[in-house]
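Note: hydrogens, waters and symmetry copies are ignored here, and every other heavy atom, side chains too, is used. All figures in this text were calculated on a predicted structure; none of them were measured in a lab. Every number for a ligand or one of its atoms is a count from 1 in the order of the listing.
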Amino acid sequence: MTDCIFCKIAAHELNAQVVYEDEDFMAFRDINPEAPVHVLLIPKQHLSSLLEVGVEQADLAARLLMTAAGIARELGVAEDGFRVVINTNDNGGQTVHHLHLHLLGGRFMNWPPG
Ligand code: AMP
């Protein structure tokens, strides 16, 4: 989508601190980090939210999770532990309407979240 900031990052039209990229995914540092490691992992394909993940995206969704785990290992937070979050719509706190997975690590994560 032309007015989507994450599509622009995926297309290299907007700068981001990219930590991972392949044909289908990009991961970059959150501009407002909530933890020492706070990375956003997005599919390059524009899907507005998790609600747009259907059977056709099953492979993409599986690889999204595997890629997140790989990035956690690469960034050195896998062993101590980390959290992945997909905020969805208003009550979920979603502010950018391009599917993204938050990968948070480097500190203890409280539960329940706020
Ligand atoms: P959410 O609230 O789950 O939709 O998360 C959106 C996240 O995107 C927030 O944590 C923002 O800090 C982050 N964000 C917004 N714009 C940018 C940007 N240009 N580069 C990196 N992170 C961004």
Before we go on, tell me: are the rings of His98 and His100 under 6.0 Å apart, centre to centre?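 His98 vs His100: aromatic centres not under 6.0 Å.
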
Using the rule that Ile, Leu, Val, Met, Phe, Trp and Tyr join whenever any side-chain heavy atoms are under 4.5 Å apart, tell me whether Leu103 and Leu65 fall into a single cluster.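 Cluster IDs for Leu103 and Leu65 match.
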
Indicate, with yes or no, if Leu99 and Phe28 share a hydrophobic cluster defined by side-chain heavy-atom contacts under 4.5 Å among Ile, Leu, Val, Met, Phe, Trp and Tyr.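 As far as the 4.5 Å side-chain criterion goes, Leu99 and Phe28 are not connected within one cluster.
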
Quick one: CG on Asp24 to CD1 on Ile42, what's the gap to the nearest 0.5 Å?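 With rounding to 0.5 Å, CG (Asp24) is 11.5 Å from CD1 (Ile42).
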
Grab the two heavy atoms, one from Ile9 and one from Ala16, that are nearest each other, plus how far apart they are.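 The pair with the smallest heavy-atom distance is CG2-CB, 3.7 Å.
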
Salt-bridge contact Glu21-Lys44 (side-chain N to carboxylate O under 4.0 Å):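 Salt bridge flag = yes for Lys44 with Glu21.
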
What does the list of residues with a heavy atom under 4.0 Å from ligand 1 look like, ordered by chain and number?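 Under the 4.0 Å cut-off, ligand 1 touches Ile5, Phe6, Ile9, Phe28, Arg29, Asp30, Ile31, Asn32, Leu40, Asn87, Gly93, Gln94, Thr95, Val96, His100, His102.
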
